[in-house]
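Structure record follows, encoded as C-alpha cells.
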Amino acid sequence: MRVLVDTCVIIDALQSRAPFSEVAQKLFIYSANKQFEGYITAKSVTDIYYLTHRLTHNDVETRKILSKLFTLFHLLDTTSLDCRKAISSEIGDYEDAIMVETTIRSEMDCIVTRNVKDYMKSSVKVCEPSALLKLLEEENETE
C-alpha cells in the first residue's frame, strides 16, 4: 500500500505530541519495516524543517532528523500541474488541495492525516492514523 503521510502525522511523531504520538510513531516503525510504502511531499519538508528547528534551535540537529526521516519515507515532488489543478479544487484549503493533486498524480492509495474533515471532498481515500494502523495490524494477523 502506497500512503502519503500528512505533515501533522510526521510532526506528531517527531515532537511526541500527546495523545497522537504513539500511533504516529508506530506508523514510522511500520514504514521502516516495509509494511506499507510511506511517502511525504517535498513541499512538506520545509514545513517539517521549520517546525522541528523551532524545537531544536539547531540546524545541524534538524538536518540529521530530516536525514533519518528520508530513510523512512520516500519523497514525492509537487509539480506545477499539481498547483494549477489545486486552484480549481473543491477542497477549501489550498495546501490540502495540492496534497490531493500530488496524491492522484503519484497514484497513492490514500492520505493519512488527523485532519480528515479538511479532505471531505477528496477523490482520494483519506484516513486517520489510527484507522491506517488498525488496517495494517489486521493485514499482519492474516499473513
Side-chain angles (χ1 to χ4, degrees), residues 1-83 85-86 89-143:
M1 179 184 315
R2 295 164 44 94
V3 178
L4 185 59
V5 182
D6 197 1
T7 306
C8 61
V9 178
I10 301 294
I11 296 301
D12 288 345
L14 293 178
Q15 296 184 1
S16 298
R17 290 199 294 200
F20 312 109
S21 59
E22 185 178 335
V23 170
Q25 289 166 352
K26 282 183 182 177
L27 289 177
F28 272 45
I29 292 166
Y30 275 58
S31 183
N33 291 332
K34 309 288 188 230
Q35 291 171 289
F36 73 99
E37 286 183 65
Y39 292 80
I40 57 176
T41 64
K43 180 196 147 314
S44 72
V45 171
T46 55
D47 296 334
I48 294 165
Y49 173 88
Y50 172 77
L51 293 168
T52 302
H53 189 266
R54 270 188 15 197
L55 242 133
T56 66
H57 301 287
N58 183 314
D59 181 65
V60 172
E61 182 62 27
T62 303
R63 287 173 186 251
K64 281 182 187 175
I65 292 167
L66 285 180
S67 248
K68 289 176 187 172
L69 194 63
F70 297 159
T71 66
L72 297 175
F73 299 98
H74 305 282
L75 284 173
L76 289 179
D77 289 329
T78 297
T79 67
S80 59
L81 185 59
D82 299 333
C83 296
K85 284 185 170 184
S89 173
E90 290 187 26
I91 296 171
D93 184 289
Y94 182 64
E95 286 181 289
D96 294 340
I98 290 174
M99 184 167 273
V100 168
E101 294 301 331
T102 302
T103 302
I104 292 167
R105 181 184 45 77
S106 303
E107 299 178 344
M108 297 286 107
D109 295 307
C110 73
I111 297 172
V112 63
T113 181
R114 278 193 294 105
N115 304 321
V116 173
K117 67 178 177 6
D118 292 347
Y119 292 90
M120 295 296 264
K121 296 183 178 181
S122 171
S123 60
V124 176
K125 181 180 175 182
V126 178
C127 63
E128 292 187 348
S130 57
L132 177 61
L133 187 60
K134 184 179 179 193
L135 178 72
L136 294 169
E137 287 172 348
E138 287 171 357
E139 284 179 2
N140 279 346
E141 289 172 9
T142 60
E143 289 178 0

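- With a 4.5 Å cut-off on side-chain heavy atoms, Val60 and Arg63 do not count as touching.
- A heavy-atom distance below 4.5 Å is not found between the side chains of Ser106 and Leu4.
- If you check the side chains of Thr56 and Thr62, you find a donor sitting under 3.5 Å from an acceptor.
- Side-chain contact between Tyr94 and Ser89: absent, with no pair of heavy atoms (C-beta onward) separated by less than 4.5 Å.
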Problem - Worked verdict on Tyr119 versus Met99 for side-chain contact (heavy atoms from CB on, under 4.5 Å) - result: CA-CA 10 Å; Tyr119 292 90; Met99 184 167 273; 3.4 Å; yes

Exercise for the section: Go through Phe70 and Val45 one step at a time and tell me if the side-chain contact (heavy atoms from CB on, under 4.5 Å) criterion holds. Expected result: CA-CA 10 Å; Phe70 297 159; Val45 171; 3.8 Å; yes

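- Checked by atom type and distance alone, the side chain of Asn33 never pairs as donor or acceptor with a backbone atom of Gln35 at under 3.5 Å.
- The shortest heavy-atom contact between Cys83 and Thr78 is SG-CG2, 4.1 Å.
- The shortest heavy-atom contact between Cys110 and Val124 is CA-CG1, 4.0 Å.
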Exercise for the section: Go through the steps to decide whether Leu76 and Met108 satisfy the test side-chain contact (heavy atoms from CB on, under 4.5 Å), and finish with yes or no. Expected result: CA-CA 10 Å; Leu76 289 179; Met108 297 286 107; 4.1 Å; yes

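- Pairing each heavy atom of Ile48 with each of Ile11, the nearest pair is CA-CD1, 4.0 Å.
- Counting heavy atoms from C-beta outward, Thr52 and Leu55 have side chains that stay 4.5 Å or more apart.
- With sequence neighbours left out, the ring pair (Phe, Tyr, Trp, His ring centres under 6.0 Å) criterion links Tyr30 to no other residue.
- Under the salt bridge (charged side-chain N to carboxylate O under 4.0 Å, His left out) criterion, Glu22 pairs with Lys26, not counting sequence neighbours.
- Shortest non-hydrogen contact noted between Ala13 and Phe28 is CB-CE1, 3.4 Å.
- Listed by first then second residue, pairs satisfying salt bridge (Lys or Arg N to Asp or Glu O under 4.0 Å) with a partner in residues 72-82 read Asp82-Arg105, not counting sequence neighbours.
- Leu14 CG to Thr7 OG1: the interatomic distance, rounded to the nearest 0.5 Å, is 10.5 Å.
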Handout entry: Worked check of side-chain contact (heavy atoms from CB on, under 4.5 Å) between Thr41 and Leu75
Key = CA-CA 6 Å; Thr41 64; Leu75 284 173; over 6 Å; no

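- A donor-acceptor pair under 3.5 Å links the side-chain atoms of Asp93 to the main chain of Asp96, judged by distance alone.
- Each of Cys8, Ser122, Cys127 was scored for a side chain to side chain contact (heavy atoms under 4.5 Å, CB included) with Thr113, with one residue passing: Cys8.
- When all heavy atoms of Lys125 and Asp109 are compared, the closest pair comes out as CB-O, 3.7 Å.
- Annotation for Glu90 and Lys121: closest pair O-CD, 3.5 Å, computed over non-hydrogen atoms.
- One distance of note links CG of Leu69 with OG1 of Thr71; it measures 7.5 Å at 0.5 Å rounding.
- Applying the salt bridge (Lys or Arg N to Asp or Glu O under 4.0 Å) test to pairs two or more places apart or on separate chains, those with a residue in residues 3-21 are Asp12-Arg17, Asp12-Arg114.
- Between Glu139 and Met1 there is a side-chain heavy-atom pair separated by less than 4.5 Å.
- No side-chain heavy atom of Tyr39 sits less than 4.5 Å from a side-chain heavy atom of Val3.
- Distance CG/Leu27 to CZ/Phe36: 5.0 Å, rounded to 0.5 Å.
- Pairs engaging residues 42-65 under the ring pair (Phe, Tyr, Trp, His ring centres under 6.0 Å) rule: Tyr49-His53 [sequence neighbours left out].
- Judged by distance alone, the side chain of Glu37 and the main-chain N or O of Ser31 form no donor-acceptor pair under 3.5 Å.
- Residue pairs meeting the salt bridge (Lys or Arg N to Asp or Glu O under 4.0 Å) criterion with at least one member in residues 38-56, sequence neighbours excluded: Lys43-Glu95.
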